[in-house]
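All chains are named by letter (A, B, ...) in the order of the sequence lines, taking the proteins before the strands, and each is independently numbered beginning at 1. Heavy-atom basis, side chains included; hydrogens, waters and symmetry copies ignored.
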Amino acid sequence: MTDTADLYATATGLIERSAAGYASGVPEDAADDGLFGPASVTWRMSADLASPVAGLRSLLMQALHPLAMAGVDQHSGWRRDPAGRLATTMTYLATVTFGDQAAAIRAAARVRRIHDHVRGTDAVTGRPYAAGDPALLLWVHGALVDSVLAAGSLVGTALSAADSNRYVAEMVTAAELVGVPRHLVPSSVPELDLYIASVRPTLRCTPAAAESMAYLLGPPGMDEDTAEIWQDVRDAAIAALPRWARQMYGYGAPPPLTPSRRTEIRQSLGVLDAMFLGQPGVLEARQRITLRMRGGRRA
Amino acid sequence: MKLIRLLAAMVAGAATLVLLRRRPGRLRLDRTLAALRLAVRGGARYAAGAPRLFAAAGEQRQLLREDLALQTAEDVAGTLGAMKGVMMKIGQLASYVDDGLSPTVRHTLARLQDSVPPMSPRLAAAVVAEELGAPPERVFARWDPRPIAAASIGQVHRAVTLDGRAVAVKVQYPGIAETIWADLRNVALLRRMLRIAAPAQDVDALLSEVRDRIGEELDYRREAASQRLMAAYYDGHPTIAIPGVISELSTRRLLTSELSGGVRFAGLATWPQHERDLAAETIYRFVFRSLYEVRAFNGDPHPGNYLFERGGRVTFLDFGLVRHFSPAELQPLMDMARTICVEHDPEAFRRSLENAGFLRPGAPLSTQAIVDHLAVFYDTIREPGPVTITSDYASSVARRCFDLRSPVAGYISVPRPYVILQRINLGLFAVLGELSATADWRAISEEIWPFTQGPAATPMGEAEAAWRARRQAAAA
């Protein structure tokens, strides 16, 4: 477990670098509309207030896969350099979403090259794993897509059934990009639900998952006031989990999400978003996206 | 597992982005929140460089991008909902920026302000129609669909009334009042933000003050009332002008005022020093006449709210942040000024500070130490004679307001009624410093102080005395 001084060291520059990563992924002059396009649901959801909740829920879901978790546990350096990791993530997600097609494909190729080196044996199940394994990539993908929908409907923008299906279908391309054969990827909400149910028997909370998620939910060294704001994000992420996932972690049933509690959570999310918006380049990146979306709507 | 690793990092990032250590061993919310400290302490220096922040942010927004205009109430909610409007308002309350704040903090608050585009012409017209029962083209003889300026939670359009008066119509963003009310109700989050941002302050007093002031600004009828009060008092004044309110075209979300002429602050800065001195004198007279005679203080003395004409004539705009004082609240302020400036009685000064609640009674401090600490606030008025207020002086006043290292600081606090008056020390002096204004501020103060009622000290003072005589004759 990191001590406070280390955490500080790692936290420094985190918001700046991640924001810079995000801004750099949103092109000023895109050669084309990229893999999704300004009229896509993917673009709309990418700026949703619930994004931090979706991100945290994704991780909680992804970590329940023992082999995926083992890969993170044995290869990830994110604790040593969260700022660098976050920046890379933001750049990747922004590039794949908003970049032109060539940029998205280049970014994905880079990720696949790195995956080639991530292999090992899971200590808990004794099974070998490889980051390039489509089954693992698909779980990571499915957990993310499911989390964006779940977090959105709970505390962000709830999509209609038709738009939810569209979002799942649009995101097939993202999975394909990192190496999952297209025909394996769920392309509608019912397919996604079936897929998640089919993986569920293999999921469990390994010690590595329990430890790393405990760290995320209660990062050490937070003062009381900050912890209470973070609490809103984690409450929402846990409330957005399926009940079985909560049970695997041993989390109690969340308090009911009353309208006033939902408002409070959104207010905390707004504070987080304002911090992000305050970083250089973020406002301009969002304005570029807005303009392209408006252009897209008119077209 | 690159992806999962990246996602792990992302959430870890989200977790740690709220962490930034502000002092050893303690992790604190990111600097955005630290910026709220300003708000609360009243803000500090607005000096070189700073005008581009809040002071000018509104004006810059008009240059902004119509292509990004807010087109629907949902756009408004997305931009200003979920605490962002509240943070922006708090940031605006803090427009005079603290020396102790990093450029990043100022930048963050300014960016938040800049992130609000204007309303589209259609959306603005819809608000007018909802408020007045008919679209602007029918309610006004002429209506300019393009805003001429941004207001904090709205924007200003030029129009001509059916009876031919040129007016400025401030139009509030639809839904913003409801959103901000809802956010102000989250007392727990506000308290957390303030506690994080202003650890040395009495958070509950600040919280009440911030909520009250922001809440008041949401109802333009309240601003209209303050503006009418000021306009009535200053009617016929030789150099102070307050635009009249067109009551029949003003509502909760619309404020229609006479359109005023004059140049902006940046224009004044190019005028000869003599003109700048006159403008500064008018601003000074306005602030203290309003305080002592109207018992009202406009908490927003920033350059964006003035229009200047030659000869010292200043039009004062924007009365959204006016605090009204009771005589009992004003008395201690007068006692403080009288004891230190007129009677030169340090012990009596100390007692008046204690009575007002600025100084903890029985603090283990020498009276001399207290006087030394606070004298800077009275430097310009302790002795008669011309004094030039410089930006350096304004900065030293601001630094003293935020000086927590002094042994005196621990025993000083600003009671709630006076929180907003910090902006005299911060905002007013910053403006005068920016103008390098010279005047006999002591003699002008003696004219204004109720306990001295001194003779006219300047030509403007003579004109003002004549105006006061006319007022009294009219009242009699």
Side-chain angles (χ1 to χ4, degrees), chain A residues 4 7-8 10-12 14-15 18 49 52 55-56 58-59 62 68 71-72 75-76 78 82 85-86 88-90 92 111 114-115 118 131 136-137 140 144 178 212 216 219 221-223 225-226 228-230 233 263-264 266-275 277-278 283 287 290-291 294, chain B residues 1-21 24-33 35 65 67-68 71 75 78 80-88 104-105 107-112 114-115 117 182-183 185-186 188-193 195-196:
Chain A
T4 302
L7 192 67
Y8 170 59
T10 54
T12 303
L14 195 145
I15 191 169
S18 65
L49 202 56
L56 184 54
S58 292
L59 273 168
Q62 290 161 351
V72 171
H75 293 271
S76 168
W78 64 268
R85 298 289 92 205
L86 180 64
T88 316
T89 309
M90 297 303 271
Y92 179 75
V111 168
I114 294 166
H115 279 167
V118 178
L136 297 191
L137 293 169
V140 169
L144 171 67
V178 288
S212 53
L216 287 182
M222 260 190 196
D223 69 80
D225 296 312
T226 309
E228 282 178 46
I229 290 177
W230 182 242
V233 178
T263 301
E264 280 174 16
R266 286 178 58 79
Q267 287 161 339
S268 288
L269 289 169
V271 172
L272 287 178
D273 192 54
M275 292 177 187
L277 188 64
L283 177 58
Q287 288 176 340
T290 302
L291 288 175
R294 288 188 174 181
Chain B
M1 284 301 81
K2 182 65 172 180
L3 238 185
I4 198 173
R5 231 164 65 190
L6 294 180
L7 285 164
M10 187 169 77
V11 170
T16 33
L17 37 99
V18 287
L19 304 178
L20 266 185
R21 197 171 62 169
R26 252 199 119 182
L27 291 161
R28 290 240 169 232
L29 250 197
D30 181 56
R31 306 154 187 184
T32 302
L33 293 184
R65 323 276 316 262
D67 48 359
L68 289 166
Q71 292 171 341
D75 288 347
L80 290 163
M83 280 292 168
K84 284 188 208 157
V86 167
M87 292 170 72
M88 205 181 87
T104 316
V105 177
H107 182 76
T108 297
L109 287 170
R111 297 295 278 178
L112 201 54
D114 288 345
S115 75
D183 290 345
R185 272 196 293 275
N186 191 343
L189 182 57
L190 289 173
R191 184 179 281 122
R192 281 197 285 276
M193 295 199 291
R195 199 158 50 205
I196 288 163

One option among A:Val233, A:Leu269, A:Leu283, A:Thr263 has the most heavy-atom pairs under 4.5 Å with chain B, and it is A:Leu283
Could you report the tightest heavy-atom contact between A:Arg294 and B:Leu68, atom names first, then the distance? NH1-C, 3.1 Å
What are the two closest heavy atoms between A:Leu49 and B:Ala82, and how far apart are they? CD2-CB, 3.6 Å
Thinking salt bridges, do B:Lys84 and A:Asp273 make one under a 4.0 Å N-O criterion? yes
Interatomic spacing from CE in B:Met83 to CD in A:Glu264 - rounded to 0.5 Å: 9.0 Å
CG/B:Asn186 to CD/A:Gln267 distance, rounded to the nearest 0.5 angstrom? 4.0 Å
Taking the side chain as C-beta and beyond, is there a heavy-atom pair between A:Val271 and B:Met87 under 4.5 Å? yes
